[in-house]
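Chain A is the first sequence line, chain B the second, and so forth, proteins listed ahead of strands; every chain is numbered from 1.
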2 protein chains.
Amino acid sequence: MARHREFEPTEVIDKSIDVFLSKGYEGAAIRDLIKVTNVKSGSLYNSFGSKKQMFKNALERFVEVSQFNITLADAETAPPRETIEKLFFDLIEVTDKRGAVGKCLISRATMEVGGVDKEITAWLQEVFEKSERLLCRLIERGQAAGEISSFRSPKELAQFLAITVQGMQVMARFERDNKKFRAIAETALAALDYEK
Amino acid sequence: MARHREFEPTEVIDKSIDVFLSKGYEGAAIRDLIKVTNVKSGSLYNSFGSKKQMFKNALERFVEVSQFNITLADAETAPPRETIEKLFFDLIEVTDKRGAVGKCLISRATMEVGGVDKEITAWLQEVFEKSERLLCRLIERGQAAGEISSFRSPKELAQFLAITVQGMQVMARFERDNKKFRAIAETALAALDYEK
DNA sequence: ATAATTCTTGAATCAATGTTCAAATATTGT
DNA sequence: ACAATATTTGAACATTGATTCAAGAATTAT
């Protein structure tokens with residue numbers, strides 16, 4: 001017995017992600033979000049409460065839809081080595097997907113609010129830990145299957161690969177040279193084979 | 001035949017670096033800079049012209065004084081392998097020095113204004129290219145001396161190590177676990193030994 | 001049709017932003 | 001001492017920021 005919402009919150013958040021990605025949290029003005037979503041301030045505040053809440057929603061939505069996290073989700077059953085390689089392949093080649101290299105909201109948020117906003121920092125840390133855990137699991141399984149060298153511990157390798165991905169996210173801010181990223185990914189993945 | 005400046009511009013910029021590091025460019029308010037430097041707005045604008053110019057000065061100063069760039073400076077003569085290892089060691093262990101892991105203004109600026117502000121982006125890109133070039137030179141010399149495997153090209157290895165450093169800068173925003181970073185650095189540096 | 005409820009709209013609000021400027025102050029040459 | 005020049009100061013300014021809210025519009029139940 002009341003008026004309905006005229007927009008889909010998820011769509012609004014999806015559009016907001018693009019704004020936060022290119023301008024950052026502080027850099028994104030509410031007016032930018034209004035322009036992109038075509039939803040006026042009153043409605044935005046009615047639905048989301050605050051700019052910060054919209055940012056949090058954007059972060060949460062991002063981890064749900066980013067290819068990297070989707071792929072990692074079935075770390076328990078997917079073919080280990082192949083899946084790890086796919087993680088890097090998608091990152092570099094599938095630039096229209098969410099989370100493609102240089103378009104990671106998590107990396108951007110980490111740089112911007114990491115250590116400043118306690119709550120978001122803690123949440124980001126959890127996200128990283130979860131990714132690392134899944135990556136670790138994948139490596140464990142890969143080692144058991146003999147697809148990955150057991151010279152280094154799964155945890156070490158997982159943390160190393162996670163770092164590599166973050167580094168690529170930084171550099172891709174101005175580099176769009178896929179060949180370069182392919183070479184880097186190859187060098188990083190080679191760590192999975194070292195016996196010494 | 002006029003009044004003298006009562007502050008040292010370089011000192012002011014050094015203090016500004018800390019503010020820009022923790023709050024970012026947009027996040028840092030002039031009033032924050034006034035508080036930290038104890039120089040009032042009029043004087044700041046008289047000396048530097050604008051907030052953006054202060055940020056640029058901070059960036060330029062940062063590359064001059066950061067240990068990473070200082071160490072890289074004599075890539076032409078320093079012992080190659082040892083120097084590369086020192087780069088990572090300083091990054092992780094010498095946390096009071098400029099550019100210590102998690103305190104790199106270049107990484108932060110890259111994430112924030114990379115792709116947005118054309119001029120700063122171009123400048124940042126040059127900085128990265130120069131670092132990569134010096135790192136590359138170090139690797140070339142290391143290969144010639146037999147200290148580094150020649151399986152991969154110097155350029156590939158340099159780009160890979162550069163990425164690793166950037167990744168560490170991101171993660172260190174909330175991690176302060178040196179043991180973890182040591183393991184990561186070790187895994188990354190192992191790439192210099194792979195023969196296959 | 002009316003009441004009840006919820007959403008939309010956009011002007012208004014208030015705090016904070018980067019920047020400017022006139023007045024006061026300090027220094028140097030004459 | 002005085003003129004000339006340059007710097008400091010902080011209040012003032014214009015702009016932009018996030019947020020609020022009263023009025024209007026849409027939907028449903030009765």
Measure [atom1]/[X] against [atom2]/[N] and give the value in whole Å, please.
X        : N       : atom1 : atom2 : value
Arg5(B)  : dT9(D)  : CZ    : P     : 13 Å
Tyr45(B) : dT17(C) : OH    : P     : 12 Å
Lys40(A) : dT19(D) : NZ    : P     : 18 Å
Asn46(B) : dA26(C) : CG    : C1'   : 14 Å
Arg3(A)  : dA25(D) : CZ    : C1'   : 5 Å
Glu6(A)  : dT8(C)  : CD    : P     : 5 Å
Phe20(A) : dA18(D) : CZ    : C1'   : 12 Å
Phe7(A)  : dC7(C)  : CZ    : C1'   : 9 Å

Please list every donor-acceptor pair under 3.5 Å in which a side-chain atom of residues 36-47 of chain B meets a protein atom from a residue at least two apart or in another chain.
| from | atom 1 | to | atom 2 | distance (Å) |
| --- | --- | --- | --- | --- |
| Thr37(B) | OG1 | Leu33(B) | O | 2.7 |
| Thr37(B) | OG1 | Val39(B) | N | 3.2 |
| Ser47(B) | OG | Arg5(B) | NH1 | 3.3 |

Report task. Return the residues of residues 21-34 of chain A meeting this criterion: a heavy atom under 4.0 Å from some atom of DNA chain C. Order them by number, or give none. Result ->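 Those residues: none at all.
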
Report task. Specify the closest pair of heavy atoms between Leu157(B) and Ala191(B), including all atoms of both residues, with the distance to one decimal. Result ->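 Minimum heavy-atom contact is CD2-O, 3.8 Å.
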
Query raised in the report: Which pairs, with at least one residue in residues 145-167 of chain A and sequence neighbours excluded, count as a salt bridge (Lys or Arg N to Asp or Glu O under 4.0 Å)?
Result: Arg152(A)-Glu186(B)

For nucleotides 28-30 of chain D, print each protein N/O atom paired with a nucleotide N/O atom at under 3.5 Å, atom names and distance only.
| from | atom 1 | to | atom 2 | distance (Å) |
| --- | --- | --- | --- | --- |
| dT28(D) | OP1 | His4(A) | NE2 | 3.1 |
| dT28(D) | O4' | Met1(A) | N | 3.4 |

**Report entry** Test: Asp193(B) and Arg81(B) ion pair at under 4.0 Å
**Finding:** yes

Query raised in the report: Looking across every strand, which nucleic acid part, if any, lies under 4.0 Å from Ser50(A) by heavy atom: base, sugar-phosphate, or nothing?
Result: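 Sugar-phosphate: the residue Ser50(A), judged by heavy atoms under 4.0 Å, touches backbone atoms but no base.
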
Requested in this report: Assign Phe48(A) to base, sugar-phosphate, or nothing according to its heavy-atom contacts below 4.0 angstrom with the strands shown.
Outcome: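 Phe48(A): no heavy atom of the nucleic acid under 4.0 Å.
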
Requested in this report: Please determine, by modelled atom types, if Asn69(A) and Ser66(A) share a side-chain donor-acceptor pair under 3.5 angstrom.
Outcome: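 Yes, Ser66(A) and Asn69(A) have a side-chain donor paired with an acceptor closer than 3.5 Å.
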
Requested in this report: Considering just the side-chain nitrogens and oxygens of Lys51(A), establish if one lies under 4.0 Å of OP1 or OP2 belonging to dA18(D).
Outcome: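 Lys51(A) to dA18(D) OP1/OP2: side-chain N or O found under 4.0 Å.
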
Query raised in the report: Of the nucleotides dC7(C), dA11(D), dT8(D), which has the atom closest to the Ser41(B) side chain?
Result: dA11(D)

Query - Counterpart residues, side-chain contact (heavy atoms from CB on, under 4.5 Å), relative to Arg108(A) (two or more places apart) - result: Glu112(A), Arg173(A), Met111(B)

Requested in this report: Carefully, step by step, assess Phe174(B) and Phe128(A) under the rule ring-ring contact (aromatic ring centres under 6.0 Å, His included).
Outcome: CA-CA 10 Å; Phe174(B) 34 65; Phe128(A) 276 112; 5.4 Å; yes

**Report entry** Euclidean distance, Lys56(A) NZ relative to Glu119(A) CD, rounded to 0.5 Å
**Finding:**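 Reported value, rounded in 0.5 Å steps: 3.0 Å.
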
Query - Which residues share a ring pair (Phe, Tyr, Trp, His ring centres under 6.0 Å) with Tyr25(A), sequence neighbours left out - result: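 Tyr25(A) satisfies ring pair (Phe, Tyr, Trp, His ring centres under 6.0 Å) with Phe55(A) only.
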
